[in-house]
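Heads up, the thing below is written out as structure tokens.
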Amino acid sequence: MPEAMMAPRALSGGKHKGGAYVDRDKPAQIRYSNISAAKAVADAIRTSLGPKGMDKMLVELSKAQDVEAGDGTTSVVVIAGALLDSCSRLLQKGIHPTIISESFQKAVDRGVVILTDMSSPVLLSDRETLLNSATTSLCSKVVSQYSSLLAPMSVDAVMRVIDPATATSVDLHDILVVKKLGGTIDDCEMVEGLVLTQRVCTSITRVEKAKIGLIQFCLSPPKTDMDNQIVVSDYAQMDRVLREERAYILNLVKQVKKSGCNVLLIQKSILRDAMSDLALHFLNKMKIMVVKEVEREEIEFICKTIGTKPIAHIDQFLPEMLGSAELAEEVHLDGSGKLVKITGCSSPGKTVSIVVRGSNKLVIEEAERSIHDALCVIRCLVKKRALIAGGGAPEIELALRLAEYSRTLAGMEAYCVRAYADALEVIPSTLAENAGLNPISTVTELRNRHAQGEKTAGINVRKGGISNILEELVVQPLLVSISALTLATETVRSILKIDDVVNTR
């Protein structure tokens with residue numbers, strides 16, 4: 001304890017600078033309070049790591065990891081917490097924050113090289129490897145028992161929207177995840193085409209050789225620009241207003257029919273009804289299938305999928321603005337509602353739809369989040385085509401190699417890099433703890449196996465021991481591990497730089 005108290009005692013006291021009192025203790029106190037706050041969050045999240053951990057709590061750091069890699073959101077916070085713990089001890093020993101920060105940067109640069117050397121290259125044509133990566137990601141989710149259904153669906157969805165030969169990333173906006181309450185996760189499916197949750201308004205619920213128009217104007221009587229009232233004094237005038245209204249709407253519907261359109265999608269209007277009952281009546285007579293209340297956010301995806309163009313005015317409603325598909329139909333979902341499916345698009349953009357089913361909102365949202373993580377894992381492999389072992393293997397290997405590296409350095413740097421290496425053991429230790437194993441004996445044995453050259457030895461949570469984790473097919477993209485390490489280190493270095501807090505009123 002005397003050693004721990006040395007730094008604060010050395011810093012105590014203050015001096016007058018230009019008549020103002022300057023508290024020398026304050027920068028140190030601010031650092032300790034920031035470290036304590038961040039460690040508290042990391043400790044709370046530790047329990048959610050691995051397949052047997054509790055569910056996730058996300059903070060800003062894990063959001064950054066989610067954007068970059070899409071997976072490893074818990075690991076990044078746990079690593080940051082362990083590094084902050086090391087910082088706290090190094091600061092108490094009187095080491096300057098700048099030296100700690102620079103040493104940690106050296107360690108992470110070396111760590112990225114070590115991880116890259118450990119990884120094995122992946123071909124996007126190797127479906128089995130992609131499935132193993134997606135399955136590993138799904139194992140720590142609530143819906144892990146459905147990984148045999150969701151993993152192939154995620155892999156197929158990504159491979160449909162990219163060209164494996166030339167792709168360097170995946171735009172996940174090309175994969176539409178549609179949530180529909182009812183059924184179970186077993187009813188989830190991937191559709192090559194467009195899926196809409198809106199209901200069909202007319203009696204025509206199935207159209208083959210569909211010509212699809214997407215309108216952004218209203219099929220209802222025009223209104224004045226301002227909120228005016230028109231007073232009709234006699235029945236003849238009233239009759240004339242109704243006749244004019246009828247003729248106006250009939251003219252609009254005739255122009256729609258003239259273009260050859262037989263499926264009409266109508267964007268949701270916030271000003272007035274997008275379609276009047278009279279327009280619906282005429283469209284039904286002309287055998288046109290109508291889907292209204294299409295959300296603005298869905299427009300871009302719809303246009304890309306079926307090759308249509310949004311039409312803002314009736315004068316632009318021409319045959320070349322229409323998209324085409326083999327089949328548009330309303331599908332019944334075993335008593336739990338209906339969906340509109342448009343399949344067999346003649347000029348399909350590289351898009352795909354995934355329908356997520358579940359018995360309640362929580363299950364659906366969890367399934368959607370799990371599918372998103374699996375899609376992100378495949379995206380990571382498209383960005384950086386390399387895989388690494390999971391189960392704590394990369395972290396323990398990093399700890400060993402960085403400890404060796406620290407012995408080649410001199411002075412305070414060596415001490416800080418060694419502390420960085422020791423902090424990385426938190427991942428295997430936490431995995432063992434959450435799996436009900438003895439963390440100390442498990443990590444010691446794991447360290448021993450790696451020292452003997454078994455780079456892929458990791459914690460096998462299913463069997464409750466240590467085994468070759470690659471043989472167990474527990475793998476993750478290299479980008480996930482590199483991203484977690486670099487983001488955690490950047491966050492810790494940022495916290496070290498804070499030496500004062502300005503209170504806002």
Side-chain angles (χ1 to χ4, degrees), residues 41-59 61-63 65-67 69-78 130-158 172 175-190 197 333 336 353-380 390-392 427 430-437 458-464 469 472-477 480 484:
V41 174
D43 287 342
I45 289 183
R46 266 187 65 184
T47 53
S48 64
L49 182 72
K52 297 203 176 175
M54 288 173 247
D55 198 18
K56 308 254 187 289
M57 279 172 54
L58 296 180
V59 291
L61 174 58
S62 64
K63 281 183 185 172
Q65 172 75 0
D66 193 44
V67 169
D71 199 23
T73 46
T74 310
S75 302
V76 72
V77 179
V78 175
L130 299 181
L131 281 174
N132 292 339
S133 305
T135 305
T136 302
S137 167
L138 291 166
C139 274
S140 61
K141 308 291 187 283
V142 174
V143 295
S144 57
Q145 67 268 38
Y146 297 101
S147 57
S148 58
L149 169 72
L150 300 180
M153 198 184 292
S154 305
V155 172
D156 291 342
V158 171
L172 294 183
I175 301 169
L176 179 70
V177 179
V178 178
K179 295 183 281 188
K180 186 68 179 172
L181 197 62
T184 65
I185 294 176
D186 282 319
D187 299 323
C188 292
E189 62 173 328
M190 188 184 82
T197 52
L333 300 171
S336 56
S353 303
I354 294 176
V355 181
V356 179
R357 307 293 308 284
S359 53
N360 59 55
K361 278 188 179 177
L362 286 173
V363 171
I364 287 180
E365 280 165 14
E366 183 59 36
E368 184 198 18
R369 193 174 69 79
S370 302
I371 288 170
H372 173 264
D373 279 8
L375 292 172
C376 287
V377 164
I378 309 302
R379 183 183 64 179
C380 283
I427 292 285
T430 304
L431 276 172
E433 199 177 318
N434 286 354
L437 305 171
I459 296 167
N460 187 334
V461 173
R462 295 189 195 101
K463 293 180 181 173
I469 218 76
E472 299 292 329
L473 305 178
V474 178
V475 288
Q476 64 189 39
V480 171

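Starting from 1, each residue takes its place in the sequence as its number. Because only heavy atoms are used, hydrogens play no part in the values below, and waters and symmetry mates are left out as well, while side chains stay in.
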At their closest point, which heavy atom of S147 faces which heavy atom of T135, and how far apart are they? OG-CG2, 3.9 Å
Which pair of non-hydrogen atoms, one from A484 and one from V76, has the smallest distance, and what is that distance? O-CG2, 3.4 Å
If you round to the nearest 0.5 Å, how far is CD1 of I427 from OG of S75? 4.0 Å
For the pair T136 (side chain) and V475 (backbone), establish whether a donor and an acceptor sit closer than 3.5 Å, ignoring hydrogens and angles. yes
May I ask you to decide if T184's main-chain N or O and D187's side chain share a donor-acceptor pair within less than 3.5 Å? yes
Considering all heavy atoms of both residues, which atom of C380 and which atom of V480 are nearest to each other, and what is their separation? SG-CG2, 4.0 Å
What's the spacing between K141 NZ and I371 CD1 if we round to 0.5 Å? 12.0 Å
To the nearest 0.5 Å, what is the distance between CG (L181) and CG (L333)? 11.0 Å
For C188 and V356, which heavy atoms make the closest approach, and how far apart are they? SG-CA, 3.7 Å
For the CD atom of Q145 and the CG atom of L138, what is their distance to the nearest 0.5 Å? 10.5 Å
Are H372 and V177 packed together at the side-chain level, in the sense that at least one heavy-atom pair is separated by less than 4.5 angstrom? no
Approximate separation, where rounding is to 0.5 Å, of R379 CZ and L172 CG: 5.0 Å
Using the side-chain contact (heavy atoms from CB on, under 4.5 Å) rule, take V143 and L150 through it: C-alpha gap first, then chi angles, then the decisive distance, then the call. CA-CA 9 Å; V143 295; L150 300 180; 3.9 Å; yes
Nearest 0.5 Å, please: how far is CZ in R357 from CD in E189? 8.5 Å
Minimum heavy-atom separation for I378 to L130, with atom names? CD1-O, 3.6 Å
Do L375 and I175 have side-chain heavy atoms sitting under 4.5 Å apart? yes
Note: G390 and I469 closest approach over all heavy atoms is O-CG2, 3.5 Å
